[in-house]
Amino acid sequence: MNKVTCLSVLVPVYNEEECIDLLHERLTTVLDNLKCSSEILYVNDGSRDNTLLKLQELQSKDARVAYLDLSRNFGKEVAMSAGIDYISGDALVIIDADLQDPPELIPQMVEGIEEGYDDVYAKRTTRDGETFLKKFTSKQYYRWLKKMSNIPVLEDTGDFRMFSQKAIEGLRLLKENERNMKGLFSYVGFKKKPLFYQRDARIAGSTKWNYPKLIGLAIKGLTSFSTTPLRFVSIMGISVSILAFLYLIFILVKAIIYGDPVAGYPSLMSVLLLLGGMQLFAIGIIGEYIGIIYSETKKRPLYYINDYKKSDNK
Ligand code: UDP
Ligand code: MG
C-alpha cells in the first residue's frame, strides 16, 4: 500500500487564457473530494497572452496553486520536465489545460497508486475533435516505434497519467536534452495500469501542435529510443552491394562471351540515380543521430525559470 498524502497536479500551459478558469474550477471540484491534500503546479511555457496574469490571480486566491514561469516557450516536453523537478507531492498527475483529459478520472488514478501501481495511465478509447489524419498517423507511429525500439511504448496513451514517488524520482534522473516524454515514461518502467477514457475535444482556444512540430517530436522519439534506422541503413548497404556484385559478374561474363558493343546508357543512369538517392538517404539518417549527439554534448540547461511561486498548502 502506497498511501498518497499529497497529490501534485502538473499543468503545462501555453497561451491558454480561455481555458484556465474552466480547468481550475473542474480540477478543484475533483481535488476537494480527495482524502489527501493537493497542490496544482501550473507551468507557464512562455505564453504570449494573459495566461501568467490569470495564474497569478489564481495563486493569490487558492492556497493550493503554485506556478512556474519559464523564461520563454520551450515546448510541452520541457515544460513537463520542469514541472516534474518542482512538484512537492508524493504522487503526480499530468493534465492538459484544454480539458481534453477529464479531471474526474483523478480519484481512480489515486486508487491505482494506492493499490501499488507506479504509473496509472489513461488510455484513449475515442478521440473527439481531432482529424482522421492525426489519429491515423499517431496510431501508426506508436505501432512502429514499439516495433523498432526495445522499450514497451504504450499505444493510444498521452501524457495524462499519474506517477508514484518511485516513478517521479526515476523521471527526475533523466537529464537528456532531446526528450520525448512518452518514451521516457515507458523507459523508467515500474508497474503500470491502464484506465480507459474518451478523449474530448478541446474546450476553448486552439491546438498548439502542427505537423512540422509533430514530425519533429516523432523523429526525436525514434532517434532517441531506437538505433533500428541505422541498422536498416547498414542492411540496405549490404544488400545493394551483394546485388551490385552479382550484376558485375553478369556484365563481365556477358562481355567476355558476346563482346561489348557499348550500349546501356539508360541502365547506367538508373543505377547511378538509385545509388545516389540511397546514399543521401543513408547520410540523412546518420545525420539525425549526429544532430542528437551534437545537442547532447553541449549540455545546455533544459530550461530557465523566470519566476516560481510555491503553493501555501503545507
Ligand atoms: N503546451 C505547452 N507548450 C507548448 C505547446 C503546448 O505547454 O509549446 C501545453 C498546452 O497548453 C496544453 C498541452 O500542452 O496544456 C497540450 O497542448 P495541445 O492541446 O495544443 O495539444 P494537443 O492536445 O492538440 O495534442
Ligand atoms: Mg489538447
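Please read these numbers as outputs of a predicted model, since none were measured by experiment. First listed ligand is number 1; within each ligand, the first listed atom is number 1. Note that the numbering runs from 1 along the sequence shown for the chain. All values below were derived from every heavy atom in this structure, side-chain atoms included, with hydrogens, water molecules and symmetry-related copies excluded.
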Which of these passes salt bridge (Lys or Arg N to Asp or Glu O under 4.0 Å) with D119: K192, K182, K166?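 The option that passes is K192.
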So, 2.8 Å as the limit: is an N/O/S atom of D98 located closer than that to the Mg ion (ligand 2)?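 Checking the Mg ion (ligand 2) against D98, an N, O or S atom does fall under 2.8 Å.
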Does any N/O atom on A79 come nearer than 3.5 Å to any N/O atom on ligand 1?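 The answer is no, given that A79 and ligand 1 share no N or O pair closer than 3.5 Å.
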Any idea which protein heavy atom is nearest [atom], and the distance to it?
{"atom": "atom 24 (O) of ligand 1", "result": "T207 OG1, 2.7 Å"}
{"atom": "atom 9 (C) of ligand 1", "result": "P12 O, 3.6 Å"}
{"atom": "atom 17 (O) of ligand 1", "result": "W209 NE1, 4.0 Å"}
{"atom": "atom 8 (O) of ligand 1", "result": "N73 ND2, 3.1 Å"}
{"atom": "atom 16 (C) of ligand 1", "result": "D96 OD2, 3.4 Å"}
{"atom": "atom 18 (P) of ligand 1", "result": "R202 NH2, 3.4 Å"}
{"atom": "atom 14 (O) of ligand 1", "result": "K76 CD, 3.2 Å"}
{"atom": "atom 5 (C) of ligand 1", "result": "K208 CB, 3.5 Å"}

Need the ligand 1 atom indices (1-based, order shown) with element for anything under 4.0 Å from a heavy-atom of [X].
{"X": "Q100", "answer": "19 (O), 22 (P), 23 (O)"}
{"X": "D98", "answer": "19 (O), 23 (O)"}
{"X": "V13", "answer": "7 (O), 11 (O)"}
{"X": "D45", "answer": "2 (C), 3 (N), 4 (C), 7 (O), 8 (O)"}
{"X": "E16", "answer": "10 (C), 11 (O), 12 (C), 15 (O)"}

Under a 4.0 Å threshold between the charged nitrogen and the carboxylate oxygen, would K54 count as salt-bridged to D49?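 A salt bridge is absent here (no side-chain N lies under 4.0 Å from a carboxylate O).
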Carboxylate-amine/guanidinium proximity below 4.0 Å for R26 and E104: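 Salt bridge: yes.
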Please assess S295 against N177 for the test side-chain hydrogen bond (donor to acceptor under 3.5 Å, both in side chains), listing each intermediate value before the final yes or no. CA-CA 7 Å; S295 133; N177 274 33; 4.9 Å; no
Any idea which part of V43 is under 4.0 Å from ligand 1, heavy-atom wise: side chain, backbone, both or neither?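 Answer for V43: neither.
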Between Y303 and R72, is any side-chain donor less than 3.5 angstrom from a side-chain acceptor?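 Side-chain D/A pair, Y303 to R72: absent.
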Worked verdict on V188 versus R172 for side-chain contact (heavy atoms from CB on, under 4.5 Å): CA-CA 10 Å; V188 294; R172 282 187 182 143; over 6 Å; no
Ring centers of F163, F190 separated by less than 6.0 Å: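 Not close enough - the centres of the two rings lie 6.0 Å or further apart.
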Side-chain touch T137/Q140, heavy atoms, less than 4.5 angstrom: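 Sidechains of Q140 and T137: no contact.
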Could you grab the distance from atom CD1 of I84 to atom CG of L171, nearest 0.5 Å is fine?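 Those atoms lie 5.0 Å apart.
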Sort out for me which residue in D45, I40, N44 forms a side chain to side chain contact (heavy atoms under 4.5 Å, CB included) with Y42.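 For Y42, the side chain to side chain contact (heavy atoms under 4.5 Å, CB included) test succeeds with only one of D45, I40, N44, which is I40.
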